[in-house]
*Asks:* 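Sharing a structure below in structure tokens format, with a few things to ask.
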Amino acid sequence: MLRTERKFSVVPSVLTRSERTEDERDYIKSVLSSNVLFQDVAATEGRWSQRILNDLAAAFYKVEYKEGDVIFSQGDADKDFMLILEQGECQITIDGEVIPGIYGTMRPPAMVGEMALLMDQDRLATVTAKTNVVAFRLDRASFNHFMTGPLVKTEDIKAELKEIDLVIDKVSGVSKRYKGNIIQQYKPSRRWLWRQWRATILQQSWKAAATMMLVSTCFVAIIRIFCEPTWAMGQIPDPNTPVISRLVPLSQLFKYLMTLATFILAFFLSEAYSLWRGMYVITRKIQGRLNDIGILVVSTVERDEEGKFTKKGIVLMDDIGQYIRLVHLFTWASFSKKFQILSTSRGMSRMLSRGIMSRHEYNTLTSLNSSHGGYQHACLTWVLTRCLTAMKDNTLPNDRALRELLFNKICDLRGTIADIADALDGRMPLAYAHFVQLLVDSLLFISPFALYSELGMWSIPAVGLLTLFYAGLLDLSKILLDPLDNDMYYDASVNVDIGVLIRETNAGSARWKFAAETLPFETNEGINCV
């Protein structure tokens, strides 16, 4: 991607170093207390920790930026300050591309620019004032003084923040696994397919094939050196030779095993693909139910006499859109190990500081007992309860049919989410997978010796091809049995990119609101009916 013309950071339009008001100090401390960088100190009991937090809050001073001002520019070596937003919004741009949705828009109480100070690295993104912005600024000296304190585990925080931000980058689209596709796409051209290597089964199985070819080569060499063969290199061995006649029964056993392994392995692969395909269908069904809820709310929400959304209607749609995003995000944080860190205390703290969730949402979720289930269940009840509340104040029509339809959609969504755990828990019995592994390994183990009596030195490439395809089919089956890549067995192109699912749902959560903002027909009165 081409870099755009470099934008240079500006000095804040207004810079005030006066004493903070009590409300401002409380606001700064509340943001610090829930931020991953400072929450350990805030959680430590004692006067010393509270004094550190008070001193740090006192070191912030208020700044203002005008709409369009560049606060940070990507690549800037300037790492002199960070901000806590109080009012306004900021837009994030990376390599000239605006990051879409909530992941590219920073709102209060977001913290901006702290990573460059923590990691001592150049600015990774351009941050521009999307509106007029009021923020609190902390200079580098005060930040470093805090981070070198005895209560701060700086290295642990750095490592965990890198992991969290890596996941958030996947969700936001900064990091794309398959160029934005949910799985690696292919072209039907034979030439194109033959040129592929990375994340293919060939890349996974070539070492096993090479190992078995080496074993076969050693066996052929031993026969040539110690058994005084009467046939030339490249010719089929004489079956009347004592050593070859002893290998014939092994060759017959190999044929029986090969027939059995071919049938069982083909069926095993079919079952594995069925699970993978079923999981893919579940992921799309979840997206569909979330979109159904969104379009139901938008289509029935209160409008004014001109057919425009009322203020209450806009607030409702924004709330439902946000809760839908959180339902989907925490669903995959519950089932995908690569995304689990987002449901930890530090993960949610980081999402709060990035503006992905509000402070009320953060406080509510962190007050819950996580052992009672994933946070997606709480967010799902928010969706339903918010809709029912809207019916009571007529922001949505208080209609029995709509109520039942919403109940059905949300309960269907809950059941579909539960299908993920059911599918993963019962993906394949241990005894079945164990038996197939033993069968394939036994076949491949005897292949260098069993094939020599019929193929001679040509058994070497034959063993390689057999290992490549039989071991490859078994590896492919194992990969298909792990559609979310939780086992991290192999980074194959068939693993589903969860980041794409989340990005698509994020886009869908706002799609219907903008699609129905203007109607192609006139309304004589406010719309509030099914």
Side-chain angles (χ1 to χ4, degrees), residues 190-191 193-273 428 432-481 489-494:
R190 179 184 290 107
R191 180 177 298 179
L193 288 169
W194 272 96
R195 290 202 306 266
Q196 303 312 301
W197 171 259
R198 187 180 180 278
T200 63
I201 297 302
L202 185 63
Q203 185 185 23
Q204 167 75 358
S205 302
W206 75 268
K207 292 182 180 179
T211 300
M212 294 308 298
M213 288 178 69
L214 179 62
V215 173
S216 184
T217 301
C218 293
F219 181 69
V220 170
I222 291 172
I223 293 292
R224 301 299 303 180
I225 295 172
F226 297 103
C227 297
E228 299 179 357
T230 58
W231 58 91
M233 286 287 292
Q235 291 183 339
I236 302 300
D238 183 359
N240 297 319
T241 304
V243 66
I244 299 302
S245 63
R246 293 187 179 95
L247 292 175
V248 171
L250 189 61
S251 178
Q252 291 298 319
L253 174 62
F254 175 81
K255 292 177 181 179
Y256 294 141
L257 278 176
M258 188 174 183
T259 301
L260 182 62
T262 301
F263 173 77
I264 291 180
L265 187 55
F267 186 75
F268 188 72
L269 177 61
S270 175
E271 291 294 297
Y273 178 73
M428 189 66 65
Y432 192 0
H434 181 257
F435 175 75
V436 175
Q437 183 73 62
L438 291 180
L439 180 60
V440 172
D441 287 348
S442 299
L443 175 72
L444 298 179
F445 177 77
I446 67 173
S447 62
F449 318 105
L451 292 178
Y452 183 78
S453 63
E454 296 187 3
L455 300 177
M457 66 165 290
W458 298 108
S459 62
I460 298 174
V463 165
L465 288 173
L466 281 172
T467 305
L468 183 65
F469 291 117
Y470 276 83
L473 284 172
L474 183 56
D475 286 339
L476 178 58
S477 301
K478 294 176 183 177
I479 294 167
L480 290 171
L481 288 170
Y489 176 66
Y490 177 58
D491 186 22
S493 56
V494 302

*Asks:* Taking all non-hydrogen atoms of both residues, which atom of G456 and which atom of V220 are closest, and how far apart?
*Replies:*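 The pair with the smallest heavy-atom distance is O-CG2, 4.4 Å.
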*Asks:* What distance separates M258 CE from L253 CG, expressed to the nearest 0.5 Å?
*Replies:*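 M258 atom CE to L253 atom CG measures 13.0 Å (nearest 0.5 Å).
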*Asks:* List the atom of S447, the atom of F254, and the distance in Å for their closest heavy-atom pair.
*Replies:*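 Nearest pair, atom of S447 first, then F254: CB-CE1, 3.6 Å.
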*Asks:* Got more than 12 heavy atoms from elsewhere within 6.0 Å of CZ, F267?
*Replies:*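 Counting other residues, nucleotides and ligands, CZ of F267 stays at 12 neighbours or fewer.
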*Asks:* Can you check side-chain contact (heavy atoms from CB on, under 4.5 Å) on F268 and L481, steps first, answer last?
*Replies:* CA-CA 10 Å; F268 188 72; L481 288 170; 3.9 Å; yes
*Asks:* Measure from the side-chain N and O atoms of W458 to the backbone N and O of G234, and report whether any donor-acceptor pair falls under 3.5 Å.
*Replies:*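 Yes, the answer is positive, given that a donor and an acceptor are paired below the 3.5 Å cut-off.
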*Asks:* Stepwise, does the side-chain contact (heavy atoms from CB on, under 4.5 Å) test hold for L466 with L451?
*Replies:* CA-CA 11 Å; L466 281 172; L451 292 178; 3.5 Å; yes
*Asks:* For R224, I'd like to know if atom CZ has over 12 heavy atoms of other residues, nucleotides or ligands within 6.0 Å.
*Replies:*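 Atom CZ in R224 is crowded, with more than 12 foreign heavy atoms closer than 6.0 Å.
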*Asks:* Say you draw a straight line from CG of L474 to CD1 of I264; how long is it, rounded to the nearest 0.5 Å?
*Replies:*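 Interatomic distance, L474 CG to I264 CD1, rounded to 0.5 Å: 12.0 Å.
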*Asks:* Please report the interatomic distance CG(D238) to CD1(I244), rounded to the nearest 0.5 Å.
*Replies:*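 The CD1 atom of I244 is 8.0 Å from CG of D238, to the nearest 0.5 Å.
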*Asks:* Which one of L473, L257, L265 satisfies the side chain to side chain contact (heavy atoms under 4.5 Å, CB included) criterion with V440?
*Replies:*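 Option passing the side chain to side chain contact (heavy atoms under 4.5 Å, CB included) with V440: L265.
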*Asks:* According to the ring-ring contact (aromatic ring centres under 6.0 Å, His included) rule, which pairs have a member within residues 436-457, sequence neighbours left out?
*Replies:*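 Of all non-adjacent pairs touching residues 436-457, those that pass ring-ring contact (aromatic ring centres under 6.0 Å, His included) are F219-F449, F219-Y452.
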*Asks:* For the pair S270 (side chain) and A266 (backbone), establish whether a donor and an acceptor sit closer than 3.5 Å, ignoring hydrogens and angles.
*Replies:*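 No, the answer is negative, given that no donor and acceptor are paired below the 3.5 Å cut-off.
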*Asks:* Tell me every residue that passes side-chain hydrogen bond (donor to acceptor under 3.5 Å, both in side chains) with Q437, counting only those two or more places apart in sequence or in another chain.
*Replies:*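 side-chain hydrogen bond (donor to acceptor under 3.5 Å, both in side chains) check on Q437 returns D441, K478.
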*Asks:* If every non-hydrogen atom of P448 is compared with every non-hydrogen atom of V215, which pair is closest and at what distance?
*Replies:*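 Shortest heavy-atom contact: CG-CG1, 4.1 Å.
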*Asks:* Does the plane of the ring in W197 sit parallel, tilted or perpendicular to the ring in W206? Use 30° and 60° as the thresholds.
*Replies:*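 Judged by the thresholds at 30° and 60°, the geometry between W197 and W206 is tilted.
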*Asks:* Grab the two heavy atoms, one from T467 and one from L444, that are nearest each other, plus how far apart they are.
*Replies:*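 Heavy atoms only, the tightest pair is CA-CD2, 3.7 Å.
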*Asks:* Tell me every residue that passes side-chain hydrogen bond (donor to acceptor under 3.5 Å, both in side chains) with T241, counting only those two or more places apart in sequence or in another chain.
*Replies:*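 Once residues adjacent in sequence are excluded, T241 has no partner under the side-chain hydrogen bond (donor to acceptor under 3.5 Å, both in side chains) criterion.
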*Asks:* Could you tell me the separation between the CE atom of M213 and the CG atom of L465, rounded to the nearest 0.5 Å?
*Replies:*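 Nearest 0.5 Å value for the CE-CG distance: 7.5 Å.
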*Asks:* Do any N or O atoms from the side chain of S205 and from the backbone of L202 form a donor-acceptor pair under 3.5 angstrom?
*Replies:*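 Flag not set: sc S205 to bb L202 has no pair under 3.5 Å.
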*Asks:* Heavy atoms only: give me the nearest S477-A272 pair and the separation to one decimal.
*Replies:*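 Closest heavy-atom pair between S477 and A272: O-CB, 3.4 Å.
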*Asks:* May I have the step-by-step check of side-chain contact (heavy atoms from CB on, under 4.5 Å) for Y432 and V436, ending in yes or no?
*Replies:* CA-CA 6 Å; Y432 192 0; V436 175; 3.7 Å; yes
*Asks:* Identify the heavy atoms of L247 and S453 that sit nearest to each other, and give their distance.
*Replies:*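 Minimum heavy-atom contact is CB-CB, 4.0 Å.
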*Asks:* Kindly compute the distance separating CG (L260) from CG (L439), expressed to the nearest 0.5 Å.
*Replies:*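 Interatomic distance, L260 CG to L439 CG, rounded to 0.5 Å: 5.0 Å.
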*Asks:* Does any N or O in the side chain of S216 come within less than 3.5 Å of the main-chain N or O of M212, such that one atom is a donor and the other an acceptor?
*Replies:*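 A pair under 3.5 Å: no.
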*Asks:* If I take atom CD from residue Q235 and atom OG1 from residue T230, how far apart are they, to the nearest 0.5 angstrom?
*Replies:*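 That separation rounds to 9.0 Å.
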